[in-house]
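Here's the structure we're looking at; comments come further down.
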2 protein chains.
Amino acid sequence: MVRAGLSPERLTLAGAELADEAGFGQVTLSALARRFDVKPASLYAHVKNSHDLKTRIALFALEELADRVADAVAGRAGKDALTAFANAYRDYARAHPGRYEAARYRLDPQTAAASAGVRHAQMTRALLRGYDLAEPDQTHAVRMLGSVFHGYASLEAAGGFDHTDIAAQQSWAWTLDCLDTALRSRSAS
Amino acid sequence: MVRAGLSPERLTLAGAELADEAGFGQVTLSALARRFDVKPASLYAHVKNSHDLKTRIALFALEELADRVADAVAGRAGKDALTAFANAYRDYARAHPGRYEAARYRLDPQTAAASAGVRHAQMTRALLRGYDLAEPDQTHAVRMLGSVFHGYASLEAAGGFDHTDIAAQQSWAWTLDCLDTALRSRSAS
DNA sequence: CCGTTTGCCTATAGGGCATAGGTAGATGCA
DNA sequence: TGCATCTACCTATGCCCTATAGGCAAACGG
């Protein structure tokens with residue numbers, strides 16, 4: 001009986017890969033067990049249950065995405081930062097659809113508060129410093145940007161832009177341009 | 001043995017109600033059978049399988065939402081129409097979270113093409129007539145609006161706006177204002 | 001009023017989740 | 001080095017959801 005060398009970390013990573021390949025909805029303890037050539041019951045020694053596994057994948061994805069965004073916006077400001085932020089976000093969703101879906105997995109408030117989700121909010125606010133918005137406008141802007149980024153990524157992933165043959169990339173650039181204009185026009189200064 | 005009087009329509013409607021109460025993910029043939037005090041196997045006489053049921057609920061929700069939007073924008077133009085459209089959309093998502101989720105259920109291309117989804121696209125384009133955008137800007141705008149509407153509804157439903165005590169309603173109004181400005185500034189005339 | 005259709009049934013099988021309890025490989029300590 | 005312990009993975013089991021096959025009785029149509 002050779003041991004498979006399971007651990008919460010390996011299961012989480014393998015779960016993320018499985019999500020990208022087959023969709024987050026296909027991430028099951030059974031499927032993961034098959035991937036490690038192990039019986040499903042064996043996984044319960046490393047993760048509490050199915051929900052725990054999904055939560056770990058979600059936290060992992062949030063962290064990874066936050067890292068990429070942080071990397072992208074480093075040393076940039078204004079529209080340059082906006083574009084970098086937005087592209088990092090969209091690129092992640094395209095490269096890792098399953099992980100992106102996982103990042104939207106509903107977390108309980110405590111877990112969410114301790115997650116990289118707060119870094120996302122902080123980075124968005126940092127990004128907006130370039131637009132000099134006073135409260136409550138800044139919060140409005142955070143929500144608007146979040147909506148556009150998530151909405152676009154979500155619709156694009158669902159194939160919502162496949163009907164028309166105008167490239168999704170062009171609409172994305174156009175949208176970012178709109179956002180930049182809108183934010184600049186609302187600048188306090 | 002009293003008959004329950006099942007039909008595809010009644011199952012679809014009950015499924016939509018179940019979705020609103022417990023979430024679209026909780027819509028199962030078993031749960032629906034319980035609701036009609038009937039055995040799960042009995043449902044297969046009316047719907048092909050679980051996927052078929054969910055597809056029916058999705059189509060129903062798309063239709064219902066399109067009706068509401070059509071009603072809201074009737075006789076309006078410009079920012080007035082934009083606001084009415086957007087509010088109808090968001091209000092539906094808030095009043096019927098399960099049906100809204102269902103409306104995002106992935107349909108195969110054929111089904112999608114025959115669904116009320118095309119009415120949504122048409123109405124969005126009609127809305128944009130007030131802004132006089134030439135192609136490909138119009139397509140870009142359709143995508144941007146879809147992203148914002150869906151993104152906002154999605155984040156709000158997920159409780160993403162609960163952390164800050166600034167009302168989601170205010171951010172929504174602010175966002176629509178931004179969109180209106182952005183679209184007007186890109187008008188061809 | 002009888003035959004056919006149709007609506008819901010039981011029985012059954014497969015797959016995912018989850019727990020209880022067993023066994024063998026790895027580890028630690030004398 | 002050898003034994004005790006611990007830990008990783010196992011089997012067995014039960015529940016729930018999906019799905020199919022085949023049966024019986026209520027409803028309907030002539």
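So you know, we letter chains A, B, ... as the sequences are listed, proteins then strands, and number each from 1.
Side-chain contact between B:R143 and A:I166 is present, with heavy atoms from C-beta onward closer than 4.5 Å. Within the 4.5 Å cutoff, the side chain of A:F85 has no heavy atoms near those of the A:L145 side chain.
Taking the six-membered ring where the residue is Trp, the centroids of B:H51 and B:Y105 are separated by under 6.0 Å.
Taking atom CG of B:L6 as the reference point, atom C1' of C:dT6 lies 12 Å away to the nearest angstrom. D:dT18 atom P lies 15 Å from atom NZ of B:K39, rounded to whole Å. Distance, B:Y44 OH to D:dT20 C1': 9 Å, rounded to whole Å. Between A:L11 atom CG and C:dC17 atom P the separation is 13 Å, expressed in whole Å. As rounded to whole Å, 17 Å separates atom P of D:dC16 from atom CG of A:N49. Rounded to whole angstrom, the span from the CG atom of A:L43 across to the P atom of C:dC17 amounts to 9 Å.
Residues of residues 19-31 of chain A having a heavy atom closer than 4.0 Å to DNA chain D: none are found. Taken residue by residue, residues 98-105 of chain B places no heavy atom nearer than 4.0 Å to DNA chain D.
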With side-chain hydrogen bond (donor to acceptor under 3.5 Å, both in side chains) as the criterion, how do A:R104 and A:S154 come out once you've worked through the C-alpha distance, each side chain's angles and the decisive distance to 0.1 Å? CA-CA 10 Å; A:R104 318 268 13 136; A:S154 176; over 6 Å; no
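The residue from B:E64, B:R94, B:H150, B:R90 that alone fulfils the side chain to side chain donor-acceptor pair (under 3.5 Å) condition with B:Y100 is B:H150.
Distance from the side chain of B:A41 is smallest to C:dT10 among D:dC9, C:dC8, C:dT10. For B:S50, whose side chain is taken as the heavy atoms from C-beta onward, the closest listed nucleotide among D:dC9, C:dC8, D:dA19 is D:dA19.
Contact check on B:R68 versus B:D91 returns no salt bridge, with no Lys/Arg side-chain nitrogen under 4.0 Å from an Asp/Glu carboxylate oxygen.
Residue B:R34 has a polar side-chain atom (N or O) positioned under 4.0 Å from OP1 or OP2 of D:dC17.
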